[in-house]
Amino acid sequence: MIESWRDLVLAPGGERGEASPPTAARVLNTLLALVLLIGAVTLSLVKLNYNWGWESVWESRQILFDGWLMTVAVACVALIVSAAGGFFLALCQRSFFLPLRYFAKVLVEVLRCTPLLVLILVVWYGVCVVLHIDNRFLAGVFILTLYESAYISEIMRSGIESVGKSQIESARAIGLTRVQTYRYVIIPQATRQVLPPLAGQLATMIKDSSLLSIMAIKEFTYNAQQVNSNTYNTLETYIPLAVGYLVLTVPVSVWSRWLERRFKYET
């Protein structure tokens with residue numbers, strides 16, 4: 001409940017701000033931040049003294065929308081496959097078979113330390129050419145899946161390792177096999193820990209998919225580049241591009257924060 005103006009600008013709990021502020025305060029401060037941000041961007045654009053030409057970009061709106069849908073499709077497919085791949089790599093890193101364990105560790109570190117742009121160039125213009133793979137969509141999904149699996153595997157590994165050893169030992173004491181221990185003890189608890197960072201990784205994956213434009217996949221960024229090449233209206237093309245990515249990533253980011261609060265427990 002808001003009792004004074006201080007409740008709108010000061011977080012409860014003093015400097016540490018441990019308590020959650022009232023809903024009205026959160027909404028008001030969020031709107032204030034948005035107004036300031038939008039105002040700063042608008043003022044900067046006005047000061048450019050730029051001759052806007054939205055008509056030609058509006059005529060190409062279907063091309064941009066088709067690219068936006070392709071980005072959604074690529075991100076959704078890559079998320080599902082990379083989640084499975086990341087879980088498999090996380091299990092491999094905990095394998096009793098040492099060659100498999102260290103192969104998974106090396107693969108994860110190599111992928112995490114390699115820029116996505118470099119990985120795309122090497123796989124698409126190297127591996128895919130040698131293997132005669134010319135389906136750009138499948139190749140793009142594979143590259144994005146390979147790259148994101150490394151990060152997701154670390155998220156899942158940390159979730160698995162967050163389960164206390166005492167619980168695993170108790171599962172063994174009552175006669176559960178390794179598979180049953182994962183199914184009934186580890187995975188249900190680890191899921192609560194990995195859901196928030198997985199949601200955040202989805203937002204990162206959506207933005208990373210823009211690099212697939214160098215493969216000429218007709219996703220959002222590639223189509224925006226084509227519209228810009230045809231109209232020569234750079235700002236009018238890339239402002240909708242930025243808004244389109246925000247429409248995808250902001251809800252995911254908000255969902256990720258909600259999951260963090262939902263599964264947060266006192267320690």
Side-chain angles (χ1 to χ4, degrees), residues 67 70-163 182 186-187 190-222 245 248-249 252-253 255-256 259-260:
M70 177 62 74
T71 293
V72 173
V74 169
C76 289
V77 174
L79 176 65
I80 295 172
V81 182
S82 60
F87 181 67
F88 176 74
L89 286 175
L91 293 180
C92 288
Q93 292 188 70
R94 294 173 57 85
S95 173
F96 289 118
F97 187 55
L98 292 182
L100 178 60
R101 177 191 297 185
Y102 284 95
F103 175 79
K105 287 181 178 293
V106 170
L107 178 62
V108 167
E109 291 304 320
V110 168
L111 290 174
R112 292 178 65 202
C113 296
T114 302
L116 178 57
L117 181 61
V118 174
L119 185 64
I120 293 173
L121 292 174
V122 170
V123 176
W124 175 242
Y125 293 105
V127 178
C128 290
V129 171
V130 172
L131 297 179
H132 304 288
I133 299 174
D134 55 3
N135 190 312
R136 298 178 186 272
F137 178 81
L138 292 180
V141 169
F142 171 75
I143 295 171
L144 192 61
T145 296
L146 187 64
Y147 184 75
E148 299 295 338
S149 293
Y151 290 91
I152 292 177
S153 71
E154 289 299 284
I155 293 173
M156 293 190 171
R157 184 180 61 83
S158 63
I160 293 173
E161 293 180 352
S162 68
V163 179
Y182 269 96
I186 297 178
I187 293 179
T191 300
R192 294 198 300 264
Q193 302 296 325
V194 304
L195 276 179
L198 275 180
Q201 191 64 32
L202 173 59
T204 301
M205 186 181 301
I206 292 172
K207 293 181 292 183
D208 287 344
S209 67
S210 62
L211 291 176
L212 298 179
S213 59
I214 65 172
M215 296 173 55
I217 296 178
K218 295 183 178 180
E219 47 79 54
F220 200 18
T221 300
Y222 177 82
Y245 278 112
L248 293 175
T249 56
V252 173
S253 179
W255 181 46
S256 175
L259 288 173
E260 289 180 2

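Atom-to-atom distance recorded for Leu144:CG and Glu219:CD is 10.5 Å, nearest 0.5 angstrom. Atom CZ of Phe142 and atom CD1 of Ile133 lie 7.5 Å apart (nearest 0.5 Å). The distance from atom CD1 of Ile206 to atom CG of Leu248, rounded to the nearest 0.5 Å, is 5.0 Å. Put simply, CD1 on Ile214 and CG on Leu121 are 4.0 Å apart, with the number rounded to the nearest 0.5 Å. Atom CD1 of residue Ile217 and atom CD1 of residue Ile143 lie 7.5 Å apart, to the nearest 0.5 angstrom. Put simply, CG on Leu107 and CG on Leu146 are 6.5 Å apart, with the number rounded to the nearest 0.5 Å.
For the pair Ser153 and Val108, the tightest heavy-atom approach, listed with the atom from each and the gap, is OG-CG2, 3.5 Å. Residues Ala139 and Met215 share a closest heavy-atom pair of CB-CE, 3.9 Å. Considering all non-hydrogen atoms of both residues, Ala78 and Thr145 come closest at CA-OG1, 3.6 Å. What you find for Ala150 and Leu111 is that their closest heavy atoms are CB-CB, 3.6 Å.
Side-chain contact between Gln193 and Ile155: absent, with no pair of heavy atoms (C-beta onward) separated by less than 4.5 Å. The closest side-chain heavy-atom distance from Gln201 to Tyr151 is below 4.5 Å.
For the salt bridge (Lys or Arg N to Asp or Glu O under 4.0 Å) condition, no pair includes a residue of residues 134-148, sequence neighbours left out.
Contacts of Glu109 classified as salt bridge (charged side-chain N to carboxylate O under 4.0 Å, His left out), with partners at least two apart in sequence or in another chain: Arg112.
Enclosure of atom CZ in Phe103 is not indicated, since only 12 or fewer non-hydrogen atoms of other residues, nucleotides or ligands lie within 6.0 angstrom.
In this structure, the side chain of Thr114 does not engage the main chain of Leu119 through any donor-acceptor pair within 3.5 Å. Distance alone, capped at 3.5 Å, places no donor-acceptor pair between the Ser253 side chain and the Thr249 backbone.
Between Leu212 and the options Ile120, Val141, Thr71, Leu116, a side chain to side chain contact (heavy atoms under 4.5 Å, CB included) holds for only Ile120.
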Return all side-chain donor-acceptor pairs below 3.5 angstrom for residues 85-96, not counting sequence neighbours, or 'none' if the list is empty.
residue, atom, partner, partner atom, Å
Gln93, NE2, Glu154, OE2, 3.3
Arg94, NE, Tyr182, OH, 3.0
Ser95, OG, Phe97, N, 3.0

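A donor-acceptor pair shorter than 3.5 Å can be found between the side chains of Thr221 and Tyr245.
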